[in-house]
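Below you'll find the structure, written out as structure tokens, and then a few comments.
Here is the naming used below: chain letters follow the sequence lines, and residue numbers restart at 1 for every chain.
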Amino acid sequence: MPYFETSDEWYEQSSLLIKARPTSARVTSKYTVLKPTPSKIKKREKYLVKHPNTASASDSTAVPPTLANSEAPTATFLLKTYDPVSGTCLQYETNKAAEVGRLIGNLSRLGRHMAALPEIKEDQSAAAAGEDIATPSLEGQIKLEDTSEQKPSGGGGGKKKKKGKK
Amino acid sequence: MAGDHLSNDEFFTRLVNLFELNRKKGHGSVILTQKRLAFESNADVPSPTKVLDDPLWDTHPENPLPLIIRASNTRSTERPGTDRKNVDKIKLSTVVQPDQLDAFYARYAEACKAGMSGLKKRDKKKKKKDKKKKKGVD
């Protein structure tokens, strides 16, 4: 039941699993907001006391914000690919809002595997025979995204920055 | 269950409500699942002998198959001494046809981005910069 460090890694392994077991494998994503437990609040307060450097700016202005921070709810987004037949379970967890868009993009690509829609190379023949005229252009876009995302993480970093600037 | 599937449009409006409920409550989970829909296409499933011949038939079906997308929240029951209330489990499900996948996921991403507002935003660095600037001015 491994947790992956990066979403790319998770996507890669998940796509392999779904290709191997397209009927039984499923992808579950869970968005959770939790109020911290009293012990967690204490822990955070202790951390703030021990590491005043990180919160120095807020300390100098006022104490309440740090208290509010220590009681802030924790929100996480957990992605899980599970295949009940083989018992494989691949997980990735994040708490960054910026990643949600990319992760849903991954879900959509995994969805294509599940739906047995053709992948990049087979697209042309299938699109020619297919009912939809609009799909080829979309598939082309996906192709571009695929190549750009599979390159070393530097490319992803660039994307992040762009989003942040907006 | 099969009769309960919502249309895609209906699903999205209900999904947005689900996220909204979660936000009002201040805690809780929203669970989303996607899976190949294999039950309703049973007519297309090859006969057992064919399955024996080719045990991996499901890795290359003749036609693209629809997906089923499910969404739910978590049930909670009242408990003395806490602020928990009785909340029924809300279950939503919809079937997405293969030719609508891309359009569906575009809307799905929008709904999720808007709904998952509790996650950490990216603007922390900006705040720090502002504070530094203020200090410099002081």
Inset, instruction - List the atom of Arg36(B), the atom of Ala116(A), and the distance in Å for their closest heavy-atom pair. - result: NH2-CB, 3.5 Å
Inset, instruction - Kindly compute the distance separating NZ (Lys80(A)) from CD1 (Ile31(B)), expressed to the nearest 0.5 Å. - result: 8.5 Å
Inset, instruction - Please indicate whether Asn86(B) has more than 12 foreign heavy atoms, meaning atoms of other residues, nucleotides or ligands, lying under 6.0 Å from its CG. - result: yes
Legend entry - Shared hydrophobic cluster for Phe77(A) and Tyr82(A) (ILVMFWY, side-chain gaps under 4.5 Å): no
Inset, instruction - Establish whether Leu21(B) and Leu119(B) are linked, either directly or via other cluster members, by ILVMFWY side-chain heavy-atom contacts under 4.5 Å. - result: yes
Inset, instruction - Step through the shown structure and confirm whether more than 12 heavy atoms of other residues, nucleotides or ligands are within 6.0 Å of NZ on Lys96(A). - result: no
Inset, instruction - To the nearest 0.5 Å, tell me how far Met114(A) CE sits from Leu101(B) CG. - result: 10.5 Å
Legend entry - Approximate separation, where rounding is to 0.5 Å, of Tyr105(B) OH and Asn106(A) CG: 11.0 Å
Legend entry - Option that, when pairs with chain B are counted at under 4.5 Å, heavy atom only, ranks first among Ser29(A), Ala97(A), Gly111(A): Ser29(A)
Inset, instruction - Heavy-atom distances under 4.5 Å only: say whether Ile18(A) touches chain B with side chain, backbone, both or neither. - result: neither
Donor-acceptor contacts under 3.5 Å from residues 30-40 of chain A side chains, at least two apart:
unit_1, atom_1, unit_2, atom_2, d
Tyr31(A), OH, Gly118(B), N, 3.0
Thr32(A), OG1, Ser29(B), OG, 3.4
Lys35(A), NZ, Asp83(B), OD2, 3.1
Thr37(A), OG1, Ser39(A), OG, 3.2
Thr37(A), OG1, Lys40(A), N, 3.3

Legend entry - Max heavy-atom pair count under 4.5 Å with chain A, selected residue of Ala71(B), Ser72(B), Ser117(B), Gly28(B): Gly28(B)
Inset, instruction - Select one option (side chain, backbone, both, neither) describing which atoms of Leu78(A) are under 4.5 Å from chain B's heavy atoms. - result: neither
Legend entry - Atom pair OG1/CG of Thr23(A) and Leu37(B) - distance to nearest 0.5 Å: 11.0 Å
Inset, instruction - For each of Lys25(B), Glu110(B), Lys35(B), Gln34(B), tally heavy-atom pairs with chain A at distances under 4.5 Å, and name the one with the top tally. - result: Gln34(B)
Inset, instruction - Search all heavy atoms of Ile104(A) against all heavy atoms of Cys112(B) and return the closest pair with its distance. - result: CD1-SG, 3.7 Å
Legend entry - Segment of Phe104(B) engaging chain A (4.5 angstrom heavy-atom cut-off): neither
Inset, instruction - Answer with yes or no whether the hydrophobic clustering places Val87(B) together with Val30(B); edges join I, L, V, M, F, W, Y residues whose side-chain heavy atoms lie under 4.5 Å apart. - result: no
Inset, instruction - Decide whether Leu6(B) and Val96(B) are clustered together by the hydrophobic rule: side chain heavy atoms of Ile, Leu, Val, Met, Phe, Trp, Tyr closer than 4.5 Å, transitively. - result: yes
Inset, instruction - Find out if a path of hydrophobic residues (ILVMFWY) with successive side-chain heavy-atom gaps under 4.5 Å connects Leu92(B) to Ile69(B). - result: yes
Inset, instruction - Report the distance from atom CZ of Arg112(A) to atom CG of Leu67(B), rounding to the nearest 0.5 Å. - result: 10.5 Å
Inset, instruction - Starting at OG1 of Thr76(A), measure out to CE of Met116(B) and round the result to the nearest 0.5 Å. - result: 10.0 Å
